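Below is one structure; the comments refer to it alone.
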Amino acid sequence: MKFGVVVSEGPYTHQAADSAYLFVKAALDNGHEVPRVFFYHDGVNVATRLSVPPQDERNIQENWTALAKDHDVDLVVCIAAAQRRGMLDENEARRQGKTADNIAEGFRISGLGQLIEMGIQTDRLVTFGD
Amino acid sequence: MKFGVVVSEGPYTHQAADSAYLFVKAALDNGHEVPRVFFYHDGVNVATRLSVPPQDERNIQENWTALAKDHDVDLVVCIAAAQRRGMLDENEARRQGKTADNIAEGFRISGLGQLIEMGIQTDRLVTFGD
Amino acid sequence: MSTLHTVNKSPFATQALLSCLNHCKDGDAVLMIEDGVYGGVSGTGMASMVEDKMKSVTLYVLSPDLSARGIDAARLIDGIQGTDYAGFVELVAKHDRTQNWL
Amino acid sequence: MSTLHTVNKSPFATQALLSCLNHCKDGDAVLMIEDGVYGGVSGTGMASMVEDKMKSVTLYVLSPDLSARGIDAARLIDGIQGTDYAGFVELVAKHDRTQNWL
Amino acid sequence: MTTKKFLYVNRKAPYGTIYALESLEVVLIGAAFEQDVSVAFLDDGVFQLTKGQDTGEIGVKNFSPTFRALGDYDVTKLYVEAESLAERGLTKDDLQDIQYEDEDDDYAEKPSIIIVNRAEMADVMADQDVVLSF
Amino acid sequence: MTTKKFLYVNRKAPYGTIYALESLEVVLIGAAFEQDVSVAFLDDGVFQLTKGQDTGEIGVKNFSPTFRALGDYDVTKLYVEAESLAERGLTKDDLQDIQYEDEDDDYAEKPSIIIVNRAEMADVMADQDVVLSF
């Protein structure tokens, strides 16, 4: 079965990004497909590559990046939500005249249409938020 | 009277950063001092200079930066909370081997001790959060 | 000696206002801000809980937050006072400490 | 046709579980995750509200979240089942849609 | 393209948090996909629809007029729960008048807001393919 | 340096959100400033102190052992509200045994947790110079 997943809260502050990660792993391990995970609201903050969590804690961004690579999951960061919150890729940074970008490997910035499309193309949709 | 202010939630997602800004402005306008504002939890995300809010919305970071400049308010971003969430200044980025930094002008990264010190040195402490 | 309490959550969504009112001392003040302003409205399922506390505690709502949410001040529970940010500052200064119920 | 509902908030903090249970249809399932697992514990001020709904709805808690919070499964309300993430996935697949009460 | 029934569920008050605004942004974008769209307002979500919102003094954008434009996007089914209104001391008159032009009925103006009781709201929810919660 | 009475108020459950952990981090740093420190646990905050927390399966760090180290930082007054425990079906036995060595009493081990009723908790709160809420 095809699952779509939405992550609506930022890393570390809420458990949502951890729960979603474990859910997606379990879905893949049990023979389901997770073609896309959509990061919305503060969920866009999961995609920062500038995070430096304490040595004895999990690295949420690296977990997602590895999962995307191993299982070809499309990690989409909502552009409108990302702009408000200061999450930019190289292209966006250039276009907006910003002096840095902060999106990690494995994530891509795109529009809200990708969320609707995910809803249409998957069999189930699950949201992890606050 | 001396007021200390804590901001505990990120910009746009919660009203906390807006309410705190209006409170600090009103305090200064009414003859009080606000020597420091401390950004903790997701509040550290207020300090990003990479934010690009829609044209018809307020720019929360720029509001704070201007206030700090005009009234000499010390805007302190908690280093531990900032590291988890990917908020780095130039020094921290170099030290952590990160390829970018994102702290705006007027904010500085420092330790939690600055929060306690603010509690000791001010007459009143007000927290805006979730 | 008295405390200014602030509440920024809707009383229909979380227990913050209830817990705040349960821990106020006589002579304290409670200022409802942000989504907390809904707690000051008359004729709601929460109004009697709030009214019960008004003998011992002074209640305020932050008017800018009330207007933002489209609530006319005439709908406030009798005795609840509206205040602006300058009044908020004054309340903080007047009471010995501020406790924020997040 | 049935729905899997998820609740991730403590019933002592917010109204999410109450609202969820009020909108379940017969044959639906409710999975309590994260801070939501406190809703499955027996002997609390919320337990009777939850027990009342158990005739028509099947209740689950996510065991990893229960263990994290130091709650022994023996303390769950009779009839509430623990499940792991694989079971969570199965519940999502088995029901026609998932509704998340945030 | 497949047509699915999409429900957007709003349970949070406006301005205190951004969920109400960012939910509306999804509804607007989603309209382009020509799905069968409904929007639910219950619990504190009913506060989103109140008349007379004036955010001038809090410096936040007032997005409530956008609800009145939903009809132009063919989003015409706004379910509002009666019990949620009552608990909050609200009646239908406290809400904005939101209408759409019915192109199948000579573009007659019709109300988009449908007041339902809790059981009816549960029926609406149970009749969907995709439920997005805010 | 001035000595003030600091109260850290914990009203949120652990792990679902980070407030409990980041509150504890403030308490630990604050200990170095030699203020008069108290910590309050009420509402869902009482869940922070439960025994037997095992976060192995959710991949989040279990910080509950740190509470037992608070005595070493001279943080010895942990007020826990009885009504909050009762509503959650908890008793004192469900909480960790947290102790400190009383240096004024030949380093005798004494309990740090003080169970108080709601009125007493209100008294503790009203007796502070600085109240930090999490």
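Numbered from 1 within each chain, the chains take letters A, B, ... in sequence-line order. Quantities reported herein were computed from a predicted structural model and do not represent experimental measurements.
- Listed by first then second residue, pairs satisfying salt bridge (Lys or Arg N to Asp or Glu O under 4.0 Å) with a partner in residues 104-128 of chain B read B:Arg36-B:Glu117, B:Asp74-B:Arg108, not counting sequence neighbours.
- For B:Asp101, the salt bridge (charged side-chain N to carboxylate O under 4.0 Å, His left out) partners at least two apart in sequence or on another chain are B:Arg49.
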Taking donor and acceptor roles from the modelled atom types, list the N and O pairs under 3.5 Å across chain B and chain E.
residue : atom : partner : partner atom : Å
B:Thr13 : O    : E:Ile18 : N            : 2.8
B:Gln15 : N    : E:Gly16 : O            : 3.0
B:Asp56 : OD2  : E:Lys61 : NZ           : 2.9

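- Sorted by first and then second residue, the pairs that involve residues 36-55 of chain E and meet ring pair (Phe, Tyr, Trp, His ring centres under 6.0 Å), not counting sequence neighbours, are C:Tyr38-E:Phe47, E:Phe41-E:Phe67.
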